[in-house]
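What follows is a short report on a single structure.
Just follow the structure's listing: the first ligand is 1, and inside any ligand the first atom is 1.
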Amino acid sequence: MVASGRDEKRLSEFARRFGFDHATTDWREAIARADVELVDICGPNHLHAEIVEAAARAGKAAFCEKPLARDLAEAKGMLRAVEEAGVPHMMCFNYRFFPAIRLARELIRDGALGEIRQFHALYLQDWGLDPGLPLSWRMRKELAGSGALGDTAVHIVDLARYLVGEIAEVAGMLTTFIKERPLPDGSGMGEVTVDDAAAFLARFASGATGVFETTRVAAGRKNFMHLEVNGARGSIRWNAEDPNVLEFYSLDDPPRVRGFRRIVVTEPEHPWTGNWWPPGHGLGYEHSFVHAVYELLAALGEGRPPEPSFRDGVAAQAVLEAAARAAEERQWLPIER
Ligand SMILES: NC(=O)c1ccc[n+]([C@@H]2O[C@H](COP(=O)([O-])OP(=O)(O)OC[C@H]3O[C@@H](n4cnc5c(N)ncnc54)[C@H](O)[C@@H]3O)[C@@H](O)[C@H]2O)c1
């Protein structure tokens, strides 16, 4: 196992703590090693394409952080690279790996909500609120691609596709509230070239409607990802700040006791939970990554393609790109396939 980073001292400390056999400040060297079969791409967004393409050329499997790329063309190039090389590929859309999200998908697929009519997603954070926070790669378009849109809306777009299906068209609005920030080296101020907040309306291919909003400047909101799906026979809602609970409302319940029920999704019947704690003890953010990696390794071991794949990464990127363009052009736009 090889770790790569830029700061030699911090990297070797990291490698020691987490049991890596080797460490290198040159990621190319890591990919070239014969004992490396899988590359986990978790650097800033502008590095994803170069590393994925190098991994594909070397015949190594690729596991990539979200967003897949800075824009749709770059994402499509990455998909082409892994498909042409015939290497396994997986997106780290870790929110799919909460047991409550799996249950939500099953309820929707089993028809417990009836025809799905509306999807609502809010993803609010406040880490960008302090104007004194230095300009990082996340605030520069050439490094990040976009701001809150690619960083956080990408998760709710992926969950919308996972739960409700493909999005057909969007109309969007992007806003940059804090337009400049201190440069990290203290030499002055630098321009913020991405959005702090993004919102868009969507229509799914099924005819369902979607409302999406994300921001990094919502005071008091830390990782407030709130999803609600309404169907003809019921609704579900979930919040990432209370990840073990799925709320479910069903018209099939007798009217006298009808109401949103809180399902604590920790029984061993739910995916992965039986491998952790007794019921009710709860799983957290980190478990979603462990489950994603478990899926990756299980798929590789069984010789099947892991999911979600770079195809899902490209599909999410197409929605983000259409939302950004729709905002710029002030009109509804179809999603490119
Ligand atoms: N799935 C999620 O929920 C989730 C959460 C956070 C971040 N992310 C994604 O993970 C990626 C990284 O985000 P982050 O918050 O960890 O960023 P970060 O800036 O905190 O960390 C980036 C790391 O990349 C290393 N790096 C930069 N250039 C490098 C190079 N040339 N060679 C080797 N290492 C290099 C840095 O040293 C640093 O350790 C982004 O794509 C981000 O969108 C995903």
Which bit of [X] is near ligand 1, meaning a heavy atom under 4.0 Å away: side chain, backbone, both or neither?
X: F14; result: neither
X: M91; result: neither
X: F289; result: side chain

Q. Do R233 and D252 pass the salt bridge (Lys or Arg N to Asp or Glu O under 4.0 Å) test, and can you show the C-alpha distance, the side-chain angles, and the key distance before you say yes or no?
A. CA-CA 7 Å; R233 307 271 330 141; D252 293 336; 2.7 Å; yes
Q: Run down the list P44, A292, A69, G43 and name the one with the heavy atom closest to atom 11 (C) of ligand 1.
A: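 Considering heavy atoms of P44, A292, A69, G43, the nearest to atom 11 (C) of ligand 1 sits in G43.
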Q) Is there a nitrogen or oxygen of H48 sitting under 3.5 Å from a nitrogen or oxygen of ligand 1? A)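 For ligand 1, there is an N or O atom that lies under 3.5 Å from one belonging to H48.
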**Q.** In one Ile/Leu/Val/Met/Phe/Trp/Tyr side-chain cluster, 4.5 Å: Y285, M225
**A.**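 Both belong to a single hydrophobic cluster.
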**Q.** Same cluster (ILVMFWY, side-chain, under 4.5 Å), L122 and V157
**A.**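 Looking at the clustering, V157 is in a separate group from L122.
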Looking only at protein heavy atoms, which one is nearest to [atom], and how far off is it?
atom: atom 44 (C) of ligand 1; answer: E65 OE1, 2.9 Å
atom: atom 27 (C) of ligand 1; answer: R6 NE, 3.3 Å
atom: atom 32 (N) of ligand 1; answer: W27 CD1, 3.6 Å
atom: atom 5 (C) of ligand 1; answer: Y285 OH, 3.5 Å
atom: atom 41 (O) of ligand 1; answer: N45 OD1, 2.6 Å
atom: atom 43 (O) of ligand 1; answer: K66 O, 2.7 Å
atom: atom 6 (C) of ligand 1; answer: R138 NH2, 3.8 Å

Q. Does any donor atom in the side chain of Y123 or N223 lie under 3.5 Å from an acceptor atom in the other side chain?
A.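 The criterion, which ignores hydrogens and geometry beyond distance, is satisfied for N223 and Y123.
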Q. Run the salt bridge (Lys or Arg N to Asp or Glu O under 4.0 Å) check on R16 and E13 step by step: do they pass?
A. CA-CA 5 Å; R16 193 193 55 72; E13 167 61 12; 3.2 Å; yes
Q.
Measuring from non-hydrogen atoms of W137 to any atom of ligand 1, is the shortest distance under 4.0 Å?
A.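 It does; at least one heavy atom falls under 4.0 Å.
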Under 4.0 Å from any heavy atom of [X], which atoms of ligand 1 are there?
X: C92; value: 1 (N)
X: H155; value: 1 (N), 2 (C), 3 (O)
X: L47; value: 28 (N), 29 (C), 30 (C), 31 (N)

Q. Can R28 and E50 be counted as an ion pair, charged N to O under 4.0 angstrom?
A.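 The answer is yes: the pair qualifies as a salt bridge.
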